[in-house]
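Inspection log for the structure reproduced underneath, given as structure tokens.
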2 protein chains.
Amino acid sequence: MSQLLFDNIQRTVGYDVPLSELEPFRNLFFEKSMDKKTVLAEEGKRCKYIWFLEQGSTCAYYANESGDKTAVQFSIEGHWISDMYSFFSDREALFYIETLEPTDVLFLSRTHFEEACRTIPFVERFFRILTQNALAAQLYRIAKTNSESAEQRYLDFAGRYPHFMSRIPQYLIASYLGIAPQSLSRIRNKLATQR
Amino acid sequence: MSQLLFDNIQRTVGYDVPLSELEPFRNLFFEKSMDKKTVLAEEGKRCKYIWFLEQGSTCAYYANESGDKTAVQFSIEGHWISDMYSFFSDREALFYIETLEPTDVLFLSRTHFEEACRTIPFVERFFRILTQNALAAQLYRIAKTNSESAEQRYLDFAGRYPHFMSRIPQYLIASYLGIAPQSLSRIRNKLATQR
DNA sequence: TTCATTTCTTCACCTAGGTTAAGATTCCGG
DNA sequence: CCGGAATCTTAACCTAGGTGAAGAAATGAA
């Protein structure tokens, strides 16, 4: 069992999960290595998996008619990803999810997820807490986003996720912050100059 | 047991929950009638309860230094509300929650919530799905918000929540849409004129 | 019913950030 | 190592929506 996943589970549920539960859970996953720019989930389609990132990074985004992307979430190794709207509610996905680097991923299908919830005690709790944390993060984001200028949002983001800055193209960060890439350039230029 | 709560639970868990589980769950709540403008949760404090609205409406918002409010969520009878960031993670609340009308509320404390998760089978599943739905709604909101003009956001909101329009002051709706109240007036005026 | 408070509207003016276009860099496959 | 594609920067101009101020309308307590 991957150390990363093991730690992630222990930390999330908050008590020592016995191997007798961890083993059958781990056996429901399969692993896959993917190239950069592999599309995991597509807007408009059912998202049949939830993924655990062993290595690499992904971006969740939506695309408008003209095809440009607005990032809604970045993830790196140790994160769970999915179009949770689609995966949990079995509706059409709102987002695309795409790898930003060569990435190793564990796949858990919806069917196996539901089986695990029914048969392995810690799983229901694990996913409850996982979605609670995801919800808390979104609420936090909404609270902070609406109230701050683009410059402040950029500074917050850079301070909060310094490890993202070097691994994610700047135009995607701009879209995440809700501004045009040119505007982010302008802001960065201004900040660099006035220092 | 309130019909509204009963239906809400059955619909959420997706199977018939036996009375032997519903009764002890219901007994963990207490009910309270509150005046308009009662504050249930406060930014910066722990939010110790999750509430079920039997009747009335509430607004979750945050306030900046100058004291003006930005609404992040409106709720009416049949909804669950809390500062879920605070309630589930035991951190300081991000938002205020305040009644908009005279409102009847069921209170479930954090302690009772955790007890229920441990001892009553359907509860863990119920709250997993509840937070999943809340997360899905936030993701949907973020996806739609960032990509549309203020006018389009207003039309979406009015179309999606027509029952809110008459019960919620317009300046709060404006703040929810991320615009100044004057701008919402301007937009409404324009729409009314051009029709 | 009346006065005070809260909410909504209108208008003139302003600015953050969008848009378009072009050139500069960086990256990457062959 | 080279050439094309992707990414980033700069600059001139534009616009959606913010701001401030004032009055109109609605609400509600006495």
Side-chain angles (χ1 to χ4, degrees), chain A residues 35-39 57 59 61 63-71 74 98-102 144-158 164-195, chain B residues 35-39 57 59 61 63-71 74 98-102 144-158 164-195:
Chain A
D35 288 338
K36 184 174 171 170
K37 301 203 177 186
T38 305
V39 174
S57 56
C59 173
Y61 63 87
N64 64 10
E65 320 71 51
S66 12
D68 30 46
K69 305 171 177 178
T70 302
F74 302 113
E98 197 179 301
T99 58
L100 296 173
E101 304 171 305
K144 295 301 163 188
T145 293
N146 253 163
S147 58
E148 291 171 348
S149 69
E151 179 176 324
Q152 198 50 54
R153 275 166 6 235
Y154 170 71
L155 289 170
D156 282 4
F157 183 86
F164 282 179
M165 300 307 288
S166 51
R167 291 171 70 178
I168 297 172
Q170 195 172 302
Y171 71 94
L172 279 181
I173 294 178
S175 78
Y176 180 87
L177 298 173
I179 58 179
Q182 298 92 317
S183 301
L184 183 50
S185 253
R186 169 159 51 191
I187 287 168
R188 283 163 50 86
N189 181 21
K190 183 189 150 212
L191 289 169
T193 311
Q194 81 187 19
R195 150 155 339 152
Chain B
D35 288 338
K36 185 174 171 169
K37 300 203 177 187
T38 304
V39 174
S57 57
C59 173
Y61 62 88
N64 65 9
E65 320 71 52
S66 11
D68 30 47
K69 305 172 177 179
T70 302
F74 303 112
E98 197 180 301
T99 57
L100 297 174
E101 304 172 305
K144 295 301 163 189
T145 293
N146 254 162
S147 57
E148 290 171 348
S149 69
E151 180 176 324
Q152 198 50 55
R153 285 184 332 256
Y154 170 70
L155 289 171
D156 282 4
F157 183 87
F164 282 179
M165 300 307 288
S166 52
R167 291 170 71 176
I168 297 171
Q170 194 172 303
Y171 71 95
L172 280 180
I173 293 178
S175 77
Y176 180 88
L177 297 174
I179 58 178
Q182 299 94 315
S183 301
L184 182 50
S185 253
R186 170 160 49 190
I187 287 168
R188 285 163 50 86
N189 180 21
K190 182 190 150 210
L191 288 170
T193 311
Q194 78 187 22
R195 148 159 342 153

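None of these values were measured; they are calculated from a predicted model. Chain naming here is simple, since letters A, B, ... match the order of the sequence lines and numbering starts at 1 in each.
- The nearest whole Å value for the distance from the CZ atom in B/Arg167 to the C1' atom in D/dT27 is 18 Å.
- Taking each heavy atom of A/Glu148 and A/Asp156 in turn, the nearest pair found is OE1-OD2, 2.7 Å.
- Taking 4.0 angstrom as the limit, B/Gln170 places a side-chain polar atom (N or O) nearer than this to OP1 or OP2 of C/dT9.
- Within the structure, every side-chain polar atom (N or O) of A/Ser149 is placed at least 4.0 Å from both OP1 and OP2 of C/dA16.
- Nucleotide D/dG28 holds its C1' atom 16 Å from the CD atom of B/Glu101, rounded to whole Å.
- Contact between the side-chain N/O atoms of B/Ser183 and the OP1/OP2 oxygens of D/dG17 is not found at any separation under 4.0 Å.
- With C/dT9, D/dT10, D/dG18 as the candidates, the nucleotide lying closest to the side chain of A/Ser185 is D/dT10.
- Nearest heavy-atom pair, B/Pro181 versus B/Tyr171, reported as atom, atom and distance to 0.1 Å: CB-CB, 4.1 Å.
- Shown here for A/Ala158 and A/Met165, the closest heavy-atom pair between the two residues is CA-SD, 3.9 Å.
- Listed nucleotides: C/dA12, D/dT10, C/dG18. Nearest to the side chain of A/Ile179: C/dG18.
- Nearest-nucleotide assignment on DNA chain D puts the 5′-proximal partner with B/Arg186, out of B/Lys36 and B/Arg186.
- At least one side-chain heavy atom of B/Glu151 sits under 4.5 Å from a side-chain heavy atom of B/Leu191.
- Whole-Å rounding puts the A/Leu191 CG to D/dT9 C1' distance at 15 Å.
- Per the geometry, CG belonging to A/Leu184 stands 14 Å off P belonging to D/dT7, to the nearest Å.
- Distance CZ (B/Arg188) to C1' (C/dT10): 14 Å, rounded to an integer number of Å.
- If you measure from atom CG of B/Leu172 to atom P of C/dC8, you get 8 Å, rounded to the nearest angstrom.
- Side-chain atoms of A/Tyr171 lie closest to D/dT7 of the nucleotides D/dT19, D/dT7, C/dT10.
- Using a 4.0 Å heavy-atom distance criterion, A/Gln182 is classed as a base contact.
- Spacing between atom CD1 of A/Ile187 and atom P of C/dT15 amounts to 17 Å, rounded to whole angstrom units.
- Atom-to-atom, CZ of B/Arg153 to C1' of D/dG17 comes out at 10 Å; the value is rounded to the nearest Å.
- Residues B/Leu172 and B/Phe74 form a side-chain contact, since some pair of their non-hydrogen atoms from C-beta on lies under 4.5 Å apart.
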